[in-house]
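In what follows, every chain begins at residue 1, and chains take the letters A, B, ... in the order their sequences are listed.
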Amino acid sequence: MAKKAGAKKKAPDKKAQLNDDIGEENRLTMWRLQLEVRQVEQRLHDLFFQNLIKGTSHLAIGQEAISAGFGAAMRPDDYTFCTYRGHAHTLVRGASMTGMIGELMGKECGMLKGKGGSMHLTDVEHGAMGSYAIIGAHLPIAAGAAWQAQYNKTGQIAACFFGDGTTNIGAFHEALNFAVVWNLPVVFVCENNLYMEYTPISEVTAVEHPAADRACAYGLPSIIVDGNDADAVFRVATTAFDKARAGGGPSLIEAKTYRYSGHSRADPATYRPEGELEEWMKKDPIPMYRQRLLDFGVKEDVVSGIEEAVLKAVDEATEEAKASPPPPLESAYEDVWADGGASWRN
Amino acid sequence: MAKKAGAKKKAPDKKAQLNDDIGEENRLTMWRLQLEVRQVEQRLHDLFFQNLIKGTSHLAIGQEAISAGFGAAMRPDDYTFCTYRGHAHTLVRGASMTGMIGELMGKECGMLKGKGGSMHLTDVEHGAMGSYAIIGAHLPIAAGAAWQAQYNKTGQIAACFFGDGTTNIGAFHEALNFAVVWNLPVVFVCENNLYMEYTPISEVTAVEHPAADRACAYGLPSIIVDGNDADAVFRVATTAFDKARAGGGPSLIEAKTYRYSGHSRADPATYRPEGELEEWMKKDPIPMYRQRLLDFGVKEDVVSGIEEAVLKAVDEATEEAKASPPPPLESAYEDVWADGGASWRN
Amino acid sequence: MAELTYREAVIEGIAQEMRRDEKVVFLGEDIGKAGGVFKATVGLWDEFGDLRVRDTPISEQAILGAAMGAAMTGLRPIAEIMFSDFLAVCWDIVTNQIAKSRYMTGGQVDLPLVIRTANGGGARFGAQHSQSVENWAMMIPGIKVVAPSTPADVKGLLAAAIRDPDPVIFFEQKSLYATKGEVPDGEHVDEIGKAKVVREGDDVTILALALMVPRALEAAERLQAEAGISASVVDIRSLVPLDTQTILSQVKKTARVVTVEENPRLCGWGAEIASIIAEECFYDLDMPIVRITTPHIPLSSADELEDAMIPSADRIFETVRQEVD
Amino acid sequence: MAELTYREAVIEGIAQEMRRDEKVVFLGEDIGKAGGVFKATVGLWDEFGDLRVRDTPISEQAILGAAMGAAMTGLRPIAEIMFSDFLAVCWDIVTNQIAKSRYMTGGQVDLPLVIRTANGGGARFGAQHSQSVENWAMMIPGIKVVAPSTPADVKGLLAAAIRDPDPVIFFEQKSLYATKGEVPDGEHVDEIGKAKVVREGDDVTILALALMVPRALEAAERLQAEAGISASVVDIRSLVPLDTQTILSQVKKTARVVTVEENPRLCGWGAEIASIIAEECFYDLDMPIVRITTPHIPLSSADELEDAMIPSADRIFETVRQEVD
Ligand SMILES: Cc1ncc(C[n+]2csc(CCOP(=O)(O)OP(=O)(O)O)c2C)c(N)n1
Ligand SMILES: Cc1ncc(C[n+]2csc(CCOP(=O)(O)OP(=O)(O)O)c2C)c(N)n1
Ligand SMILES: [Mg+2]
Ligand SMILES: [Mg+2]
């Protein structure tokens, strides 16, 4: 388990090889997943400017290595819980791009039938158990899913993603203590991108590492990982998942990263100190991972083949979503209850 | 600052003298305060069995050294925030015994006019800013009072008392982080009496010391004190108050203690392991402190004079409270609003 | 038929369902080894053990969050929130998460869970442990709301709530725990969403819930005996779904209606029902719709003050007599 | 008179009071340096500085707890809860602590504080960021509840709320932030607890709040023009205290009444007002009391679905025309 990993490494570490503990297949998967997230989010961004998407959305451009690394380490029947910044975590579980783009466009083909929007992406069939838009709530909910796995001895784990700002709300504390006391197979992942909405996390947090420095309060080891390096993330994820599946209980992991765009589409991010974004752009996970694959001897056409395939998939999904009609008005009266309806009286 | 104090000492420590850093006056004050708490609570207990008190009440018998030690270290204009188990903390600020006993009897002379009862004792004039009956709520509220002191540069501090079980609720975490980030003059005191209601705290908490082992999560030192030794409590209180008044920010203190009665009057406390109560009775703060005063050379008649005076005061207060009428029915319609009334319409 | 207390009926309802279905699990503070602060869960831990009856830390958000996560993934949790006032510390999980998740996900998630909680006044516990908050729950789209008045209904409706595929908040009135009543032997499962006409009358309909039902019945007996007024009493039993058919048919029959609710006045369930009647039965009414409520004031702890606030049989009697005249 | 946006009026209201009274302090998430997520606090941090305009962690219980503790000890805090949906995470502090503490202590504590929050739908934010929860607040004894519909009312009522000795929840409708209106120059302080008849009419009274007011006015114009129906429109402005005098006098005058509320149906403020009318003006009414509400369903994010749920001018027009006929 990476403990307080030092400065970021641009090159893979010396002993790393294409077919080391991670292996080529996983690496190509992570390459694809990172691209899917990046491409879909850039497309969403464009669609906003074409006014085809309303409401809000929160991009994770710059943070893709985290979702890709964890996603690649998960079993298909594992559970993901994430936030309004959840396109990434939902996509890496295999959710439909059309369903996602369509949802943001408010179309009938949307994965939530137009009822949830960007902040509530969910694909239960693929283990994406929901995106939660009230800070902190999904941490105890993820613990509950892990409780089911423990109770039924299924070997599943629940992975729960949230931001640095989330570590200051009460539900964080309750969930962590609860999960440890019940020894639940849940892995809490704090994506520390340095900011809550517009306020630097350092201005509102009593400790330097908002998650890792709190692990002590639950008897957990302090774990920090380079969140821009998918391989490092994959390793830390695998270790935590193995521990959880083996009955070793929860983990709390802090992944250091940065979001390139503002908090949400309304935010031009003028609060950032000059040069900060540029520094982080140098550590962009995607060119870095591309270079690593080439350094490992993966052929350029394999690498770019995946790029092209992803772009094509995103294009197709976009067209499909555009072609989909808006949801029928009657659908607003569906699915409040298990019987499919919305009636509160007879 | 006492850090992880070792086993309890029966005798005062070697260098201690009647007129050391604590001094005779403070010690006699603490003697009186401990007796006041013990005597009033025993009286309340008796009044219950005479069916003169309804509702519930939560005694702190066995825990008196904590309220006495902190109370003696406070300035008259400091703020106290406590819980439903708050008779002790309210009394030591100088609140009226008649007002307290009367309140529990639901009399007009009650300090809350019969509107609050045992769980909400408050005496603003004496700095007792309320007893709060929902776990955790008063921690951020105490931080707010400390914010006022900081903003107005008054030099006041807020002392906030709560139980071990309270360390597992969200508001605890939010308040601690908030107080540290704002560097507020608030002292959080966890009275660890080993149980929440009926469940041992060790069964539901991820760490051994529910408060002290969480201090790390807020960049605070871990402080544990023998909560049955008023002198030790006084010292730790003084240090924390001095630090807060000097702009050094909040402290979190865990005082180890034990309650002799059940959680509330409904509770026979059958869940305790055999012999546990008896072991703790040996460390009863009151006979221990009495012996200490005598060892220091305080005259027996001074020591017992205080005992008699307290008992007399409790007797008188009891009679006064008994003689008071019930609150007039119209009073139920008073004091919802600042204008004295309860009207929600014109 | 066995005579049980209301609290024993809680235990029986839970035990019946836990025996039937391994997926039913139960969590809360002090519910296990200690049997609950109201002794309404005594024996369950002994019978079902540590894995199915779980004591928790004082972490209401974690309790309901865990219940939700478990329900979404296949269990059928029962979560206890010790006093209904404490719903306020986990209100986000109730209203923003549990109530909305099925809808927001386009129907992808099932949330078969029950939140049991001790509601209401009468125990001199003061304003933070005595509230009737059934209107808080009624006001949130996406949760069912049940509040029984008798041991038989406790058992039958609790069993129904546990089997229900939707989230249910089950309000137990704490002053009723010691009351007794006949409960059918063997498996007993009732239906959520059906009001019960517990007294037939011709002159006026009294709509009541939970603790207000026995008080309304007592008032109705006195109205008959002392004023010759024949009152129907309807035990609403379930606020969501609301059995407007039964309610409106009684109102039409008697042309006069009085609601009796323990929640404080503003936006209480009585207001909702009154507004339904005022819209749908306006021309059937012979008299203004009268609401009897706890006034819009926090509750006091002193006996006299608390008793003066919560609607009593006397107040119901006096009000109805005066209005129906 | 200057023309201001609703959001500028928020800034002016706060600034006016902060200039006047050093005890007024302001805290919340991203309200300071960043000027608020709705840009409704821009410039306050620059003018009043770090000590009076304070950014907080994401800790709503701490925000409101701190506001309460500060108010009890002499400050006059304004706390922002970014979206009203988030009141659920700090509901205990609102309902069990702030609302009850004066009463429970026999009048010992003052709680002069304001909770500002962005309420309501229309921004396609989905069910957890679009709720109208003014009924949550109205239902709790001990808090005042204000919801302005115009920039002038924003400034005047916000100033009044800050000066009020009691806790006030101030609901700003987020879809109104960009709307404009005339605001009196100089110091402007309004009175809490007064409704405003914003259109006089004879045939029917439409009772509305916040975003529903402009929609009711639009419907009223069309009712006049297209159906010859003359509608009064009352902007309720304050739910607690409730100006029943103004409301009931309009109802008596027109003998017909329709409420238009954005909160979901069950136990909305419309129910409360309907029940007051049904009890106190029953014999003055010529027609059933009609409620137009957001249906009792969480809100969807898709434009078409959200728009179909929240009462529109069209729906008000159609409903009133049909009912008044
Ligand atoms: C309880 C609550 N408070 C405030 C918000 C508003 N809000 C949405 S995102 C956000 C910042 C979250 O920061 P962080 O946890 O670091 O996640 P990030 O957005 O950086 O991924 C805030 C304050 C919310 N959604 N819920
Ligand atoms: C939010 C909330 N949950 C549960 C309770 C019920 N309750 C009252 S006291 C108590 C135990 C508190 O334990 P601790 O903090 O150790 O304090 P102690 O009673 O031991 O002094 C509980 C669970 C409550 N009052 N508030
Ligand atoms: Mg962040
Ligand atoms: Mg304890």
[X] side chain vs [Y] backbone, donor-acceptor pair below 3.5 Å:
X	Y	result
C:Thr244	A:Asn346	yes
A:Lys113	C:Gly106	yes
C:Gln108	A:Met111	yes
A:Glu174	C:Ala62	yes

So what's closer than 4.5 Å to chain A heavy atoms on [X]: side chain, backbone, both or neither?
X	value
C:Leu27	side chain
C:Leu248	side chain
C:Pro57	side chain
C:Asp50	neither
C:Asp243	both
C:Lys144	both
C:Ile276	side chain

TODO: Mind running side-chain contact (heavy atoms from CB on, under 4.5 Å) on C:Met72 and A:Tyr79 for me, showing each step along the way?
DONE: CA-CA 11 Å; C:Met72 287 168 75; A:Tyr79 300 120; over 6 Å; no

Could you have a look at [options] and say which one has the most heavy-atom pairs with chain A under 4.5 angstrom?
options	value
C:Leu111, C:Leu75, C:Ile93	C:Leu75
C:Ile58, C:Asp164, C:Asp92	C:Asp92
C:Thr246, C:Val89, C:Leu242	C:Leu242

Nearest 0.5 Å, what's the [atom1]-[atom2] distance between [X] and [Y]?
X	Y	atom1	atom2	answer
C:Lys100	A:Ile134	NZ	CD1	8.5 Å
C:Gln97	A:Ile141	CD	CD1	4.5 Å
A:His120	C:Ser101	NE2	OG	8.5 Å
A:His138	C:Met68	NE2	CE	11.5 Å

Minimal non-hydrogen separation, [X] against [Y], with atom names:
X	Y	value
A:Trp147	C:Ala66	CE3-O, 3.9 Å
A:Val336	C:Asp166	O-OD1, 4.5 Å
A:Tyr151	C:Glu22	OH-O, 2.6 Å
A:Leu112	C:Met104	CB-O, 3.4 Å

Under 4.5 Å heavy-atom distance to chain C, tell me which part of [X] shows up: side chain, backbone, both or neither.
X	result
A:Glu103	neither
A:Ala332	both
A:Ala137	both
A:Asn177	side chain

Among [options], residue most engaged with chain C (heavy-atom pairs, under 4.5 Å):
options	result
A:Asp123, A:Asp339, A:Leu184	A:Asp123
A:Met129, A:Gln150, A:Glu125	A:Met129
A:Ala146, A:Ala158, A:Ala338	A:Ala338
A:Ser343, A:Ala342, A:Ala175, A:Ala171	A:Ala171
A:Pro140, A:Gly116, A:Ala133	A:Pro140

Task: Sub-4.5 Å side-chain heavy-atom contact between C:Asn96 and A:Tyr132 - done: no

Task: Side-chain touch A:Trp337/C:Val240, heavy atoms, less than 4.5 angstrom - done: yes

TODO: Check the pair A:Arg345 / C:Glu280 against salt bridge (charged side-chain N to carboxylate O under 4.0 Å, His left out), numbers first and verdict last.
DONE: CA-CA 13 Å; A:Arg345 61 179 289 186; C:Glu280 301 180 24; 2.6 Å; yes

